[in-house]
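Note sheet for the following structure.
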Amino acid sequence: MREPASEKRSNQNSNPRKLSPEKYARLRAELKTPYRGVRQFIYVTFGASGAIGAFIFFLQLLAGRDIEAALPNLAVQLVVIALMVGLFRLEQRASRKP
């Protein structure tokens, strides 16, 4: 019995350049989730920026300078850090799924 044309095409396109299985699997994963590395870099960069800002505003609070402005700014920086940590963990969890 002959194979349907669609099955024949899918078998031919499964690994057209005869790449190693590891490299082919990595390329397929990148195709499913493009720019994952860029997103992770952005999360780390923004998280580091938030940590630097939180450190500066925390030191301003300890010094007692401009407490009315430093406290809300510190809260914003802490929210940024928490958000970036949450997004990074979500991205890591998604990358571990098969």
Side-chain angles (χ1 to χ4, degrees):
M1 187 168 175
R2 292 180 48 194
E3 291 182 38
S6 62
E7 284 184 30
K8 189 182 276 189
R9 263 189 257 125
S10 67
N11 289 339
Q12 289 173 350
N13 292 335
S14 63
N15 192 348
R17 298 196 183 221
K18 306 297 184 215
L19 300 170
S20 69
E22 297 85 22
K23 189 171 190 175
Y24 185 71
R26 187 172 45 94
L27 289 172
R28 296 260 316 157
E30 178 67 24
L31 183 64
K32 288 181 182 177
T33 56
Y35 306 115
R36 175 174 280 155
V38 174
R39 286 193 306 265
Q40 290 177 344
F41 174 76
I42 289 171
Y43 299 152
V44 169
T45 305
F46 285 5
S49 172
I52 292 169
F55 178 71
I56 290 171
F57 289 122
F58 180 70
L59 289 179
Q60 283 184 355
L61 284 175
L62 285 179
R65 290 183 29 203
D66 202 16
I67 294 175
E68 298 83 28
L71 192 59
N73 289 332
L74 176 64
V76 167
Q77 298 301 320
L78 293 175
V79 168
V80 166
I81 294 169
L83 180 65
M84 292 303 116
V85 167
L87 288 172
F88 188 81
R89 284 186 179 177
L90 185 66
E91 191 75 37
Q92 290 295 318
R93 200 173 306 143
S95 69
R96 281 187 245 142
K97 283 186 178 179

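The first residue in the sequence is number 1, and the count goes up from there. Computed from a prediction, not measured in an experiment: that's the story for all the values here.
Pairing each heavy atom of A54 with each of I81, the nearest pair is CB-CD1, 4.1 Å.
To the nearest 0.5 Å, atom CD of residue Q92 and atom CZ of residue R36 are 8.0 Å apart. Here the CG atom belonging to L74 is positioned 10.0 Å from the CD atom belonging to Q60, to the nearest 0.5 angstrom. To the nearest 0.5 Å, the span separating CZ on R65 from CG on L59 amounts to 10.0 Å. With rounding to the nearest 0.5 Å, the separation of CD1 in I42 from CG in L87 is 11.0 Å. The distance from the OG atom of S49 to the CD atom of Q77 is 6.5 Å, given to the nearest 0.5 Å.
Partner of F41 under the side-chain contact (heavy atoms from CB on, under 4.5 Å) criterion, out of T45, V44, V38: T45 alone.
A distance-only check finds a donor-acceptor pair linking the side chain of R39 to the backbone of P34 [under 3.5 Å].
By the rule that hydrophobic residues join a cluster once side-chain heavy atoms approach within less than 4.5 Å of another member, L78 and F55 end up as members of one cluster. The hydrophobic cluster containing L31 does not contain Y35, counting ILVMFWY residues as joined when their side-chain heavy atoms lie under 4.5 angstrom apart, directly or transitively. Criterion: ILVMFWY side-chain heavy atoms under 4.5 Å apart, direct or through other members. Under it, Y43 and V85 are not part of a common hydrophobic cluster.
A heavy-atom distance below 4.5 Å is not found between the side chains of F57 and L61.
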